[in-house]
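First up is the structure itself, then whatever we jot down about it.
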Amino acid sequence: MSAVTRIPPQSGVAFRIRAGQILRIYDPLGEQVADLFAFKDDDHACSLSSGRSIDYASKIYLSTGDILYANDSRPMFRILEDQVGRHDFLLTPCSQEMFEILYHHHGHHPSCFENLYRALGEFGIRPEQIGTTFNVFMNVEVGPDGAVAVKPPKSKPGDFIDLRAEMDMVCGLTSCSAENSNNGRFKPIDYAILPGA
């Protein structure tokens, strides 16, 4: 088993994962969100797709047994085990513009989008290539009228999700920077890349 790597609060990392390996994402302290995005390692035009994944699953909340698809409909990840059962695949990663438009924030604010494009830039990936992230542990409720409400994550300390890579990929992963997603606090996220069965 590979060592567990900690992503400090309000930061992000990028790494390669090979087909068959398992990405385990932990919430070490509880109620913290991690934004995940991925590209095919040798073809960055192939990237994670919220729309394809939700369409093929016929539901907005993906969990154990579900597949995260690429924009060309190839499987990227399969969820093998999910100790929380609530993640978001509707909302884009938090950004400087989001903090300004939604929360009228003035000045710089750390964001998942910035952390992702800075980390993924080392692999030649540009900011505009990053789309809607799989927001691990994020608890988004959709009302009967279509209104979206961000609630505190349901994850408890030590909870994790296992995603098996279905292709060789470059991944970006963050410890989310949005107060509203994390019940008003910033905490780390842990991850490990495990060998497949």
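Numbering starts at 1 and runs along the sequence shown. Computed from a predicted model, the values in this text were never measured in an experiment.
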- prompt: Asp168 side chain to Ala19 main-chain N or O, any donor-acceptor pair under 3.5 Å?
  reply: yes
Rounding to 0.5 Å, atoms CG (Leu163) and CG (Leu36) come to a distance of 6.5 Å
Tell me if a side-chain donor or acceptor on Asp35 pairs with a main-chain N or O of Thr174 at a distance below 3.5 Å. no
Quiz item: Can Ile25 be reached from Ile17 by stepping across I, L, V, M, F, W or Y side chains whose heavy atoms are under 4.5 Å apart?
Solution: yes
Flag, side chain of Gln129 to backbone of Arg126, donor-acceptor distance under 3.5 Å
yes
Given the rule in the side-chain contact (heavy atoms from CB on, under 4.5 Å) test, do Tyr26 and Val4 qualify, once you have shown the distances and angles that lead to the verdict?
-> CA-CA 9 Å; Tyr26 301 88; Val4 174; 4.0 Å; yes
Quiz item: Do you see a donor-acceptor pair shorter than 3.5 Å between the side chains of Glu100 and His106?
Solution: no
| said: Can you confirm whether Tyr191 sits close enough to Leu173 that some side-chain heavy atom of one is under 4.5 Å from a side-chain heavy atom of the other? | reply: yes
Please set out all donor-acceptor pairs under 3.5 angstrom arising from side-chain atoms of residues 140-158, sequence neighbours excluded.
| from | atom 1 | to | atom 2 | distance (Å) |
| --- | --- | --- | --- | --- |
| Asp145 | OD1 | Ala147 | N | 3.0 |
| Ser155 | OG | Asp27 | OD2 | 2.6 |
| Ser155 | OG | Glu31 | N | 3.3 |

Practice problem: Ignoring hydrogens and angles, tell me if any N or O in the side chain of Asp88 forms a donor-acceptor pair with the backbone of Leu91 under 3.5 Å. | Solution: yes
*Donor-acceptor pair, Gln83 side chain versus Phe160 backbone, under 3.5 Å?*
yes
Review point. Is a side-chain N or O of Asp72 found less than 3.5 angstrom from the main chain of Arg74, in a donor-acceptor match?
Key: yes
* Asked: Under 6.0 Å from the six-membered ring centre of Tyr61 and within 45° of its axis: does the NZ or CZ of Arg86 meet both?
  -> yes
Inset, instruction - Applying side-chain contact (heavy atoms from CB on, under 4.5 Å), run through Ser47 and Phe37 and close with a yes or a no. - result: CA-CA 8 Å; Ser47 62; Phe37 201 72; 3.9 Å; yes
task: Return yes if a side-chain donor-acceptor contact under 3.5 Å exists between His87 and Asp82, otherwise no.
output: yes
Any donor-acceptor pair under 3.5 Å linking the side-chain atoms of Ser11 with those of Asn115?
no
Asn71 side chain vs Ala45 backbone, donor-acceptor pair below 3.5 Å: yes
- Query: With a 4.5 Å limit on heavy-atom distance, are the side chains of Arg6 and Ser175 in contact?
  - Reply: no
Problem set entry | Any donor-acceptor N/O pair, Ser53 side chain to Tyr69 backbone, under 3.5 Å | yes
| said: Is there a path of hydrophobic side-chain contacts, each under 4.5 Å between heavy atoms, that joins Phe89 and Val84? | reply: yes
Quiz item: Is it true that the side chains of His105 and Glu179 contain a donor and an acceptor less than 3.5 Å apart?
Solution: no
Quiz prompt | Same apolar cluster (I L V M F W Y, side chains within < 4.5 Å links), Met167/Ile79 | solution = yes
- Message: Please say yes or no: joined through hydrophobic side-chain contacts below 4.5 Å, possibly via intermediate residues, are Val170 and Ile7 part of one cluster?
- Response: yes
* Using a strict 4.0 Å threshold on nitrogen-to-oxygen distance, state whether Asp42 and Lys40 make a salt bridge. => yes
Is it possible for you to say whether Tyr56 and Leu90 belong to one hydrophobic cluster, with membership spreading through side-chain heavy-atom contacts below 4.5 Å?
no
